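Quick notes on the structure that follows.
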Amino acid sequence: MIKAILVFNNHGKPRLSKFYQYFPEDLQQQIIRETFHLVSKRDDNVCNFLEGGTLIGGSDYKIIYRHYATLFFVFCVDSSESELGILDLIQVFVETLDKCFENVCELDLIFHVDKVHNILSELVMGGMVLETNMSEILTRIEEQSKLEKSEGFGPWNLKSKG
Amino acid sequence: MSDIIEKTLASLPKLFSDGPRGSPGEKTMPQKKIMGRAFQGFLCSVSRCRSLTEEKTYITHELKQIQESLNRTDVSQGTVGELLFRLIYCHLLGYDVSFGFIHTIKLAQQGTGLEKRMGYIAAILLLHQDHELSLLLMNTIQKDLQSTNILDNCIALSAVCHLVQSDGGVISMMLPLVQKKLQHPRELVRMRAACCILRFIRLTPSYQRHLQDNCRKLLYDKDPGVMSIGVKIQLQLLKSGLQSIETLTSDLCSILQQIMNRSLPSSFEYHGIPLPWLQIDILRALACLGKENKKNSESMYPLLRDLLDKFNTKARMSYAVMYECIVTITRIVPHRALLTEASVRVKRFIGSTSYVLKYIGVKALTHLIAVSPESITDCQMIVVELLEDPDPAIQSKTVDLLFSMANESNVKVVCSKLIEHLARPRKDFSESELIDRILTLTEKYSLDGVWGYDMVLTILREERSGLPRDMVDRVLNQLSQVLNYPRDTSRQVPEAVQSLVKKSVQGLFQENCSKELVKIASWVLSECSFLLKNMPDDKVMSLLQKQFLRESLDTLTRLWILSCVTSLLCGGIVQPGVVTKAVRDMRDRCVSFCDTTQDYTLLQKLLECERLCAQPLTVDPQGRDLTQFDFTLSYLDDFVCDSLEGETKPYIHKNLRMSPLKVDPLFSGFAENAGSGSVASDSSGKPTKSATSDSKNVDLKLEGVSRVWGEEGFLEPDTSVVDSHHAESDQKQRELEKKQELAAALFSGFHSQSKSDAQDKERKDLWSEDVPLNLNSTSLDWRALSAEESERKGSSTEEMDRQEADRRDPGSVLLDLSDQEKSTEGVLSQDPLSVDDTEHVQQGHEQSCGESQDSKTTTHQHEQSVGLSVNQKGGGGIQGMNYLSREPPPLSFESFPEDRIQDSSEQFSGLYDGVEEEEDDDSESQGDSVYSLSQLDLDTVRVRGEVRGSGAVCDSDSDGGSRQGSELSLYSQYQVLEDSHDSEHNEKVS
């Protein structure tokens with residue numbers, strides 16, 4: 001099961017956090033900080049897996065991360081997930097973001113929180129990998145926005161009430 | 001450009017935050033722009049904050065504004081949505097936004113379309129399943145599940161998945177609705193519904209039976225996405241052990257077959273691999289199904305073989321599937337050919353330059369080694385290198401690998417490696433896991449108890465935070481097995497017990513050992529107090545007193561020390577006067593440094609001790625109460641006198657009969673038994689001897705270890721490595737040799753562990769150093785003893801030779817002995833007594849060793865000659881001697897008769913049973929010949945080689961092919977073995 005998905009930049013500023021297992025708010029912050037410390041210390045040429053986070057689940061807990069330009073994408077998973085599978089899931093996630101925002105950058109993640117979470121909810125649901133097919137995810141996102149538009153919605157817009 | 005925009009945007013939030021009180025902006029301006037910009041402006045101002053405090057003041061202010069706005073009744077739903085996303089951002093930064101929770105629910109409830117979605121997303125992000133407010137959302141979810149809007153359905157299902165809790169009737173309330181959605185025409189709704197079902201099954205396993213039919217249908221869904229969730233559900237069911245559908249294997253196999261045949265649309269391919277994630281899940285499910293189920297496994301074999309064959313792409317995802325495939329192969333009922341295939345792939349993984357693949361490779365190897373231990377032989381050098389890998393993640397996986405490949409013969413090396421890893425900086429939990437593993441190994445392969453205790457003492461030498469909680473209990477449990485020897489017989493106290501006591505005393509001399517060590521050591525001392533008789537009692541007391549007064553100790557540990565003192569007092573080991581003095585001192589100090597809070601438990605215990613000193617109640621150290629009875633038996637005096645006059649033998653008391661105990665209870669046994677005891681040799685820290693204790697295990701579990709020597713050969717790759725490195729510089733050569741030694745030690749039954757023994761020595765020197773026990777000097781000086789012993793070693797080998805040879809041919813002994821003595825001088829090649837065959841063998845041997853090793857070859861010649869001469873003197877008939885030989889002659893053995901070899905090997909194996917016992921006794925004298933199970937296998941082969949060496953006639957090749965093949969491969973290891981022997985010898989010499 002995926003326990004958490006974290007995205008932070010090279011300075012450790014969180015850009016996205018989604019916990020699939022409940023942790024109190026202050027612990028969540030601690031986890032983000034700890035994960036950043038663990039991940040940022042590593043060279044680029046070592047493996048993308050990491051054991052040793054103490055806060056989430058001890059030995060049954062793995063950090064799988066990828067580093068893109070200014071952002072770290074980190075998936076915290078338990079031992080039942082396939083490491084390489086998750087590593088490519090991150091790739092799928094990032095590629096999807098890239099397609100949606102056309103050259104995704106750090107700011108897109110915070111300026112379009114809703115959209116990012118929308119994509120994420122297509123990818124992972126309740127800690128379980130839902131859909132891994134990028135084209136499928138993209139069609140669904142598109143479909144949603146179409147549906148919303150046809151009903152008279154747009155991003156941040158409302159049904160005009162006269 | 002964007003900077004400019006941002007700056008202009010940045011000025012907006014201030015305007016806006018003032019806005020709501022006056023005339024809210026959203027009424028006059030088009031809402032879309034204002035809200036979007038307001039949100040962006042908010043983000044910009046947050047990110048422009050220079051310091052944390054600045055950010056904090058800004059955000060607290062902003063949160064107040066948001067709270068006010070949310071509480072107003074006239075805000076539109078769009079505004080609420082925007083405000084909620086501001087909250088989410090604040091939440092991301094770690095601020096408390098709990099006031100907004102109720103608004104997320106409100107928005108999800110009242111909004112339509114996009115706002116509803118925003119409300120749901122915010123609720124899913126901010127709430128959790130145990131939050132009290134999440135119950136308020138359930139009604140809305142139910143309504144949305146029944147809606148005709150697909151998007152509402154989807155988001156409601158997501159919320160179900162995230163927010164439904166395990167207890168209470170919420171699941172049962174939701175279940176019918178979710179089940180209905182499984183029949184929804186759109187696959188995206190079905191998928192989410194299936195995902196919810198999976199979640200329910202995880203939360204409440206009791207629903208499994210109820211849902212089985214539904215889950216079954218999911219497997220046959222026409223959409224691959226839904227099907228993959230269906231497979232996930234089956235996997236979950238299999239893991240919980242409740243799945244009992246017989247056709248599942250064939251179903252899953254046919255799905256996998258279809259995927260492999262690419263009968264699915266190409267849109268489902270990822271980097272050219274069809275549905276890799278689904279493949280992974282299916283393989284995992286198959287692993288569960290095929291476990292210990294022959295029929296199921298057999299139906300998978302062809303499929304798995306196909307799958308392995310089809311991997312040729314470079315994409316990383318294909319490695320993920322391959323890894324899963326290998327794991328499945330190792331889990332199901334083993335299939336030789338598949339395992340061989342798998343080990344080839346694993347080798348490729350582990351030798352990869354990519355760290356990711358290396359990591360996966362080590363994991364795969366850990367799985368593989370459990371079913372086919374011989375597979376590691378191909379990549380042992382890589383594993384040794386991985387141990388030193390700069391990446392801690394790979395290191396930790398390699399440690400896992402080491403743990404899983406431990407067996408009787410390499411457990412010491414493995415443990416010493418684990419302890420090395422313990423010294424590296426690491427997190428608490430992994431430290432405790434590592435210690436737990438070392439303990440498990442010492443329990444599983446407790447060779448003599450002393451070695452395990454050594455490990456424990458090394459671990460506890462310093463204070464550690466990550467000790468397993470039950471560590472002390474586990475250690476004591478293990479020790480009590482050693483200490484539980486029959487006490488009432490007149491037998492001597494086992495050396496193991498003596499050295500335990502000695503090590504405990506040494507442990508207590510350390511100033512900064514951990515408190516667990518103090519507990520364990522004081523327990524050992526009180527259990528075996530009678531062994532401390534010869535130690536001056538003020539020394540014992542001052543030792544305990546010093547430990548007692550260490551400030552870092554807690555009350556519990558002090559109590560352990562005090563009960564040790566009590567037991568020593570009652571056993572009559574220490575004089576009451578000494579104890580009284582010490583206890584008084586302890587109490588004074590205790591009062592002085594516990595002045596803030598008096599520790600009454602401790603004080604009372606001290607008082608008890610003091611009282612006990614006044615009226616000492618002595619107990620027989622062997623466990624009987626002496627004070628109650630008249631043990632002098634004075635009333636029988638007359639009767640005894642009469643009997644003695646009648647020439648009856650005088651009675652000797654049991655305790656007196658154990659004369660060595662009387663003289664020197666702690667160490668007497670050691671001096672006498674040093675020649676034959678493997679246990680004592682262990683504690684002496686002498687490299688050659690620590691190995692001998694292994695020879696005790698020679699006849700224990702032949703199966704487990706002999707398998708390490710596979711059919712394919714063991715060290716073949718290494719010999720080539722050695723050859724290629726011969727040309728290189730000495731430095732590299734030495735490094736390589738070290739690694740090879742380690743490899744040989746780790747990967748075989750061979751304990752040519754000169755490196756690790758050197759470590760052992762270092763470690764043990766710490767222990768044996770500076771022991772202020774003024775006992776019998778000869779028995780205490782361990783190093784002197786070991787030196788003595790090494791001298792004795794040669795002669796004892798001779799003795800053994802003689803014993804063996806006496807039985808057969810006394811005449812040849814002379815030849816044998818002289819031969820051997822001269823060979824020790826290193827002039828064997830000119831030895832007039834050596835027979836032609838021997839020379840022949842040596843020449844061959846020298847060739848194989850290469851010129852670079854000239855100085856070293858003499859050792860081999862010596863060792864080899866022992867074996868050879870034995871062979872020669874025995875002619876064709878003596879085979880029992882062959883276990884003496886350590887080095888096989890590198891012969892070209894095609895030229896030797898096959899039938900003789902067969903004969904002798906048969907006789908050898910027959911004779912071996914008888915020899916084993918002797919070997920136990922003699923193992924000491926063999927010194928550095930390290931015996932273990934796998935070696936026995938080799939010995940058989942060596943015999944063949946040697947007999948060939950002594951044989952003369954070329955004969956018909958009866959069953960050449962396969963056997964020669966296996967011999968060839970077995971021979972290939974000798975290179976490394978020789979190397980390690982060499983360096984070991986060199987160390988000794990230097």
Side-chain angles (χ1 to χ4, degrees), chain A residues 1 13-20 22 25-26 28-29 32 42-43 45-52 54 58-59 82-85 87-89 92 107 110-111 113-114 117-118 121 125-136 140 144 147-148 151-159 161, chain B residues 31-32 35-36 40 43 76-78 82 85 88-89 91-94 96 112-115 118 121 125 128-130 151 158 161-162 188 191-192 195 198-199 225 229 232 267-268 270 276-277 280 316-317 319-320 323-324 355-356 358-360 390-394 396 426-430 433:
Chain A
M1 184 186 157
K13 254 212 166 336
R15 291 308 182 204
L16 177 79
S17 75
K18 176 107 177 89
F19 287 84
Y20 293 98
Y22 171 65
E25 270 73 17
D26 47 342
Q28 287 186 7
Q29 290 303 313
I32 295 173
R42 290 171 69 81
D43 291 341
N45 60 350
V46 296
C47 77
N48 301 38
F49 314 124
L50 193 58
E51 289 159 44
T54 51
S59 59
S82 147
E83 290 98 343
L84 289 175
L87 206 55
D88 274 71
L89 191 71
V92 170
L107 289 181
I110 47 170
F111 282 115
V113 193
D114 56 332
H117 276 289
N118 234 342
S121 75
M125 187 167 142
M128 291 160 286
V129 181
L130 182 68
E131 176 66 74
T132 49
N133 188 347
M134 192 169 70
S135 57
E136 194 78 1
R140 277 178 205 171
Q144 277 170 32
L147 219 79
E148 279 148 11
E151 284 179 30
F153 305 119
W156 302 120
N157 206 349
L158 306 161
K159 230 188 294 182
K161 287 171 184 169
Chain B
Q31 278 166 347
K32 177 183 176 182
M35 297 317 293
Q40 289 185 0
L43 292 178
S76 67
Q77 288 178 345
E82 187 270 334
F85 275 94
I88 286 174
Y89 186 70
H91 179 253
L92 177 67
L93 295 179
D96 177 33
T112 47
L114 185 62
E115 295 105 60
M118 283 160 79
I121 285 184
L125 265 173
H128 57 90
Q129 57 178 13
D130 295 323
L151 291 181
S158 292
C161 202
H162 195 261
L188 80 166
M191 254 174 103
R192 279 159 197 272
C195 218
L198 176 52
R199 176 87 181 155
I229 307 280
K232 272 193 218 298
S267 66
F268 286 100
Y270 175 82
W277 284 275
I280 289 175
R316 187 176 39 225
M317 206 54 209
Y319 291 114
Y323 166 72
E324 240 24 92
Y355 279 87
V356 170
K358 249 187 216 172
Y359 178 92
I360 294 295
D391 189 345
I394 290 181
S396 86
R426 41 175 63 244
K427 299 274 177 191
D428 282 354
F429 84 88
S430 53
E433 202 182 346

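Just so it is clear, the model here is predicted, and its values are computed rather than measured.
- The contact between B/I88 and chain A is made entirely by side chain atoms (from C-beta outward), counting heavy-atom distances below 4.5 Å.
- Here the shortest heavy-atom pairing between A/K18 and B/L125 reads CD-CD2, 3.7 Å.
- The parts of B/L188 that come within reach of chain A are both its backbone and its side chain, each placing non-hydrogen atoms under 4.5 angstrom from that chain.
- A/T132 touches chain B through backbone and side chain together, each having a heavy atom under 4.5 Å away.
- With a 4.5 angstrom heavy-atom cutoff, A/N133 touches chain B only via side-chain atoms.
- Counting heavy-atom pairs under 4.5 Å between each of B/M317, B/R199, B/R192 and chain A puts B/R192 at the top.
- When side chains are defined from C-beta on, B/H91 counts as touching A/Q28, because their heavy atoms get closer than 4.5 Å.
- With sequence neighbours excluded, the residues forming a ring pair (Phe, Tyr, Trp, His ring centres under 6.0 Å) with B/Y270 are B/W277, listed by chain and number.
- Annotation: maximal heavy-atom pairing with chain A below 4.5 Å, among B/C195, B/A393, B/G225, occurs at B/C195.
- Residue contact with chain B, scored on non-hydrogen atoms closer than 4.5 Å, involves the backbone and the side chain of A/R15 alike.
- Contact check for B/P276 versus A/D88: no side-chain heavy atoms found under the 4.5 Å cut-off.
- Most heavy-atom pairs under 4.5 Å with chain A, from the set B/K232, B/M191, B/Q129, B/H128: that is B/H128.
- Note on B/D130, B/I229, B/L43: by heavy-atom pairs under 4.5 Å with chain A, the leading option is B/L43.
- Contact annotation for B/L92: both backbone and side-chain heavy atoms come within less than 4.5 Å of a heavy atom of chain A.
- Highest contact tally toward chain B, considering only A/M134, A/R42, A/M128, A/E136, is held by A/M128 [criterion: heavy-atom pairs under 4.5 Å].
- Between the OH atom of A/Y22 and the NE2 atom of B/H162 there is a distance of 11.5 Å, given to the nearest 0.5 Å.
- The candidate with the highest count of non-hydrogen atom pairs below 4.5 Å against chain B, out of A/D26, A/I110, A/N48, A/V92, is A/I110.
- A/E131 touches chain B through backbone and side chain together, each having a heavy atom under 4.5 Å away.
- Only the side chain of B/Y89 comes within contact range of chain A, with heavy atoms under 4.5 Å apart.
- Closest non-hydrogen pair, B/C161 versus A/G126, comes out as SG-CA, 4.0 Å.
- Residue B/E324 touches chain A through its side chain alone, counting heavy-atom pairs closer than 4.5 Å.
- With a threshold of 4.5 angstrom between heavy atoms, B/K358 does not approach chain A through any atom at all.
- In this structure, the side chains of B/V356 and A/L84 come closer than 4.5 Å at one or more pairs of heavy atoms.
- Classification of the B/Y359-A/F49 ring pair by plane angle, with boundaries at 30° and 60°, yields tilted.
- Contact detail for A/G85 and B/A320: the closest heavy-atom pair is N-CB, 4.1 Å.
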